[in-house]
Amino acid sequence: MNKLLASVATVAAMAVAAPALAADIIVVAHGQANDPFWSVVKNGVQKAGEDTGANVEFRSPETFDMVQMSQLIDAAVNQEPDGLVVSIPDGDALGPSIERAVAAGIPVISMNSGSDVAPDLGVLLHVGQSEYDAGVAAGKKLAEMGGTKGICVNQEVGNVALDLRCEGFTEGFGQEVTVIPTQNDPTEVESKVRAALESDPDVDTVLGLGASLVGEPAVAAVKALGREDVLVASFDLSAGFLQAVADGDAAFAIDQQQFLQGYLPVAFLALNAEYGLMPGGNVPSGPNLVTQDSAAQVIDLSAQGIR
């Protein structure tokens with residue numbers, strides 16, 4: 001965390017002391033800006049552009065589509081920007097496009113997903129959290145809280161980062177875990193979680209991989225069944241899920257501080273374009289567990305699109 005705080009302090013100091021840095025930076029993410037999680041990432045991207053004076057564009061495919069995303073990266077490379085930020089949910093699918101950017105001399109920073117493959121692709125550094133380790137931490141905590149049989153609700157099966165969360169959860173939990181695949185549809189999530197709990201009364205632990213899309217409907221499913229014995233936790237934050245944590249209806253949220261995942265890469269690339277400055281390694285933006293004691297403190301910031 002000291003490394004993260006130092007990075008934020010450096011960026012903030014440069015933003016105040018330095019003239020506007022009119023770099024052209026393109027961000028290509030696999031998640032859509034209308035997704036509550038990714039809207040916070042985009043807010044961070046836009047804020048960094050405002051603070052540095054960089055010209056920033058946020059682009060994403062209409063759905064979770066690696067072919068379309070690789071095309072967006074190729075199009076960005078053709079524009080020869082001063083910097084490129086990418087998420088890497090599938091290194092095999094996106095690797096050739098990212099390597100093309102690196103070969104063209106474009107500085108590339110990855111964010112959110114891809115820390116495991118970024119160095120091999122020539123990416124300068126990664127801003128995010130270790131998804132597997134975060135899953136392990138969540139699993140251990142839920143086991144300590146009394147969980148004995150769990151489900152991991154995955155709204156994007158095939159997204160390596162989300163798959164790693166479930167794998168880490170299984171390792172840390174140390175008990176039986178079943179992965180429940182869904183789409184990005186809260187109604188479907190609620191239905192599938194309810195069906196899983198009704199079909200197996202021994203399931204007492206639910207881990208969601210997104211707070212608004214999975215965590216909130218999972219809480220609704222548990223409450224509809226009157227299953228006060230079921231622990232519900234979720235990756236990421238939303239005002240609604242944080243309220244559930246504050247009210248005791250959910251165990252905790254796992255905060256990867258995605259605002260920083262949007263903000264820091266843009267700021268780093270702007271500073272790099274003007275001064276040749278670049279951190280010497282990856283910047284961990286999470287994980288942090290938000291429990292009942294601390295949930296109320298971040299609800300307002302979540303509603304503002306910052307947490």
Side-chain angles (χ1 to χ4, degrees), residues 30-31 37 64 87-90 112-116 128-184 186 188-190 192-197 199-222 227 229-238 241-242 244-245 249-258 261 284-292 295:
H30 66 270
F37 175 90
F64 182 72
S87 60
I88 316 176
D90 188 331
N112 179 260
S113 54
S115 61
D116 54 331
Q129 71 180 0
S130 167
E131 305 294 2
Y132 183 85
D133 291 343
V136 170
K140 288 182 177 180
K141 182 65 173 179
L142 288 166
E144 290 173 4
M145 296 177 73
T148 60
K149 189 173 186 179
I151 59 174
C152 186
V153 187
N154 189 340
Q155 75 274 18
E156 284 182 359
V157 172
N159 179 336
V160 175
L162 299 194
D163 294 342
L164 285 171
R165 290 177 177 181
C166 284
E167 291 174 13
F169 169 52
T170 301
E171 173 67 24
F173 194 55
Q175 308 284 344
E176 182 180 346
V177 172
T178 301
V179 176
I180 305 295
T182 72
Q183 301 297 317
N184 284 315
E188 178 187 345
V189 171
E190 182 175 348
K192 286 198 171 184
V193 170
R194 182 166 180 162
L197 294 174
S199 64
D200 188 351
D202 291 336
V203 173
D204 58 10
T205 306
V206 180
L207 179 67
L209 305 187
S212 58
L213 294 173
V214 181
E216 291 182 34
V219 169
V222 170
R227 291 284 306 275
D229 61 310
V230 176
L231 297 167
V232 180
S234 179
F235 277 82
D236 307 324
L237 307 182
S238 70
F241 192 76
L242 286 170
V245 174
D249 294 327
F252 57 82
I254 305 158
D255 183 15
Q256 61 175 301
Q257 301 182 109
Q258 71 267 32
Q261 295 176 10
S285 65
N288 300 298
L289 298 187
V290 180
T291 61
Q292 187 173 18

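- Distance check, rounded to the nearest 0.5 Å: CD of Q257 to CG of N288 gives 5.0 Å.
- Under the side-chain hydrogen bond (donor to acceptor under 3.5 Å, both in side chains) criterion, R194 pairs with no residue, sequence neighbours left out.
- Residues satisfying the salt bridge (Lys or Arg N to Asp or Glu O under 4.0 Å) criterion with D116, sequence neighbours excluded, are absent altogether.
- Residue pairs that meet the side-chain hydrogen bond (donor to acceptor under 3.5 Å, both in side chains) test with at least one member in residues 208-222, sequence neighbours left out, are E216-S238.
- Between V232 and the choices V219, V193, T205, D249, the side chain to side chain contact (heavy atoms under 4.5 Å, CB included) rule is met once, by V219.
- For the atom pair CG (N159) and CG (N112), the distance works out to 8.0 Å, reported to the nearest 0.5 Å.
- Take T178 and apply the side-chain hydrogen bond (donor to acceptor under 3.5 Å, both in side chains) test, not counting sequence neighbours, and it matches no residue.
- In K192, the NZ atom is crowded: over 12 heavy atoms of neighbouring residues, nucleotides or ligands sit closer than 6.0 Å.
- Within the 4.5 Å cutoff, the side chain of E156 has heavy atoms near those of the N184 side chain.
- Put simply, CD on E131 and OG on S113 are 7.5 Å apart, with the number rounded to the nearest 0.5 Å.
- Across all non-hydrogen atoms, the minimal contact from D255 to Q129 is O-OE1, 4.3 Å.
- Contact detail for L231 and G147: the closest heavy-atom pair is CD1-N, 3.7 Å.
- For the 3.5 Å distance criterion, the side chains of S285 and Q261 qualify, holding a donor opposite an acceptor.
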Would you list the atom pairs, donor with acceptor, under 3.5 Å between side chains in residues 168-177 and any protein atom, with sequence neighbours excluded?
residue: T170; atom: OG1; partner: C166; partner atom: O; Å: 2.9

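- At distances below 3.5 Å, at least one donor-acceptor pair connects side-chain atoms of R227 with backbone N or O atoms of P201.
- The two residues A295 and V245 make their nearest non-hydrogen contact at CB-CG1, 3.8 Å.
- Every residue two or more places apart in sequence or in another chain that forms a ring-ring contact (aromatic ring centres under 6.0 Å, His included) with F64 is listed here: H30.
- For the atom pair T148 OG1 and D204 CG, the distance stands at 3.5 Å (nearest 0.5 Å).
- Put simply, CZ on F235 and CD on Q256 are 8.0 Å apart, with the number rounded to the nearest 0.5 Å.
- For the side chain to side chain contact (heavy atoms under 4.5 Å, CB included) with V189, the lone residue among I180, V214, L213 that qualifies is V214.
- Of all non-hydrogen atoms in F241 and A211, the two that sit nearest each other are CB-CB, 4.0 Å.
- L207 and I254 get closest at one heavy-atom pair: CD1-CD1, 4.3 Å.
- Atom NZ of K149 has more than 12 heavy atoms from other residues, nucleotides or ligands within 6.0 Å.
- Between D163 and N154, the shortest heavy-atom distance links the atoms OD1-ND2, 3.0 Å.
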